[in-house]
Amino acid sequence: MAGFAGRLARCWYSGFLRSPLQVPALGLHVGGPAMQTSQKDFNNAVSQLKLLKEDPGNEVKLKLYALYKQATEGPCNVPKPGMLDFINKTKWDAWNALGSLSKEAARQNYVDLVSKLSASSESPSPEAPAADKKQPESDSLVVTSGDGITTIRLNRPTKKNALTTQMYHDIIAALQAASKDESPITVLTGSGDYFCSGNDLTNFTSLPAGGPEEMARSSAVLLRDFVNCFIDFPKPLVAVVNGPAVGISVTILGLFDVVYATDRATFHTPFSHLGQSPEGCSSYTFPKIMGSSKAAEMLLFGKKLTAQEACAQGLVTEVFPDSTFQKEVWARLKAYSKLPPNAMRISKQIIRDREKEKLHAVNAEESNVLRERWLSDECMNAIASFLSRKSKL
Ligand SMILES: CCCCC/C=C/CC(=O)SCCNC(=O)CCNC(=O)[C@H](O)C(C)(C)COP(=O)(O)OP(=O)(O)OC[C@H]1O[C@@H](n2cnc3c(N)ncnc32)[C@H](O)[C@@H]1OP(=O)(O)O
């Protein structure tokens, strides 16, 4: 297992090794207005960078590093690190790739890049009901209430809303709070172009002192607690699926009361590709919802469904054109939220309660199986492969 930790760590570095030239849509200056940037603007940008809410990713961090060095020290003037010194060699390559770019131009490019990153991390969320912030939340999860709806929004758009360990904890807390608040309806949705890309695969790279076994054990406990919150949620729970959904963000949909999706959404559970197995009670809910052979195609073979297909198979309640999705869905939910809240709760109870015991048992079993799976070579290799950017879904 120690070998696995090393392998993952190496793969993380390989992610860092992606070419600095692959930084799309970050048009860089080579002269002209560059001369306008003062040292003060540059220093401000250095400070501003520390305030970014989202990690900008390795490629951008590498670019920032190279521009900083060029702006402060000029063209690369230190010896190239050895082949096996992966990180320093990567940084050296990025700096060296800037060639003879002047210090002023590098400063300007640095300032422009930081300003773009700051602007995108502050861009407002798409349409949603007028809402007040409910509680202190981590940057990656935003919880608001308004118009009779509590909205839990996954807010990590640059990572396609992949779920970090902290986000699982925050969602549990948000659901517990929402179950007791005044809003008749609770919604889960995402910021940006994705609903959610599933479990953040880097969760498995920060090994605790107890090693991979401890990581697998604590992840299984967290997974079980997370899914239990959805099983036990007492009020109408609605998913507003604003874009593609992957992995655990698909499987838990079987535990929602209503699922609205944009026609841009897709539904994908690539468990076998990842050497993993189903969670979110999908081994039970999916065959019930769509029949065992359709469920097998998704859960065993990772067939990706379009929104229309998912609707035809009963996983999605209704599909809306992307252009009117937010407007139509929120208008409808606002109207539903005016229905008598106790009647809705009691109706949900009657529909769901007789299944709860079964669902808890399924959840416990799925979490236990996954605990083993996470330690398998198949799973480790798949995660390592994603982290080294050799594979994507
Ligand atoms: C408590 C533990 C519970 C565990 C429960 C288990 C759950 C199982 C699952 O959820 S399985 C599903 C896991 N998810 C995936 O395998 C998705 C992996 N991601 C991708 O294949 C692609 O990123 C994509 C298809 C979702 C999107 O591709 P696209 O080309 O459009 O975008 P990028 O790949 O460039 O993504 C942008 C940045 O986001 C990072 N990212 C996206 N998804 C994840 C993820 N799941 N984990 C970690 N990071 C993710 C991606 O690496 C890019 O980051 P970068 O800009 O720093 O490179």
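Along the sequence shown, the residues carry numbers beginning at 1. Counting convention: from 1, in listed order, for ligands and their atoms alike.
- An N or O contact shorter than 3.5 Å links S197 to ligand 1 by distance.
- Within ligand 1, the atoms closer than 4.0 Å to a non-hydrogen atom of L274 are 11 (S), 12 (C), 13 (C), 16 (O), numbered from 1 in the order shown.
- Two rings, from F256 and F230, have their centers less than 6.0 Å apart.
- Within ligand 1, the atoms closer than 4.0 Å to a non-hydrogen atom of W374 are 4 (C), numbered from 1 in the order shown.
- Y168 and F226 have perpendicular rings, their planes meeting at more than 60° on a 0 to 90° scale where under 30° would count as parallel.
- Annotation for S385 and S388: closest pair O-OG, 3.1 Å, computed over non-hydrogen atoms.
- Contacts with ligand 1 closer than 4.0 Å are made by side-chain heavy atoms of L222 only, the backbone lying farther away.
- Counting the atoms of ligand 1 from 1 in the order shown, those under 4.0 Å from a heavy atom of S219 are 1 (C).
- Considering backbone and side-chain N/O atoms, K159 comes within less than 3.5 Å of an N/O atom of ligand 1.
- Ligand 1 lies nowhere less than 4.0 angstrom from a heavy atom belonging to F204.
- Taking a cut-off of under 4.0 Å to the non-hydrogen atoms of A162, the atoms of ligand 1 that pass are 44 (C), 45 (C), 46 (N), 47 (N).
- For ligand 1 and G247, the ligand atoms under 4.0 Å from any heavy atom of the residue are 9 (C), 10 (O), 11 (S), 12 (C).
- The residue from Y194, F386, Y168 that puts a heavy atom closest to atom 5 (C) of ligand 1 is Y168.
- Between atom 16 (O) of ligand 1 and the options L387, V227, V221, L201, the minimum heavy-atom separation is to L201.
- Within 6.0 Å of the OH atom in Y68, the count of heavy atoms belonging to other residues, nucleotides or ligands does not exceed 12.
- H360 and D232 form a side-chain donor-acceptor contact under 3.5 Å, judged by distance and modelled atom types alone.
- Among pairs with a residue in residues 261-289, none fulfils ring-ring contact (aromatic ring centres under 6.0 Å, His included), at least two apart in sequence or across chains.
- Checking only distances, T202 never comes within under 3.5 Å of ligand 1, N or O to N or O.
- Checked by atom type, the side-chain pair T150/S183 shows a donor-acceptor distance below 3.5 Å.
- Against a heavy-atom cut-off of under 4.0 Å, T158 is close to the following atoms of ligand 1: 37 (C), 38 (C), 39 (O).
- Counting only N and O atoms by type, the side chains of E372 and N368 include no donor and acceptor under 3.5 Å apart.
- For the pair P270 and ligand 1, no heavy-atom separation below 4.0 Å is found.
- Using modelled atom types, one finds no donor on one side chain facing an acceptor on the other under 3.5 Å when comparing T164 with D200.
- Residue-to-ligand polar distances keep L370 apart from ligand 1: every N/O pair is separated by 3.5 Å or more.
- Relative to atom 32 (O) of ligand 1, the option among K160, R224, E366 with the closest non-hydrogen atom is K160.
- The shortest separation from a heavy atom of N203 to ligand 1 is not under 4.0 Å, leaving the residue out of contact.
- Each of D257, T151, I152 was evaluated against T186; a single residue qualifies, I152, per the side chain to side chain contact (heavy atoms under 4.5 Å, CB included) test.
- Residues passing the side-chain hydrogen bond (donor to acceptor under 3.5 Å, both in side chains) test with E297: none are found, sequence neighbours excluded.
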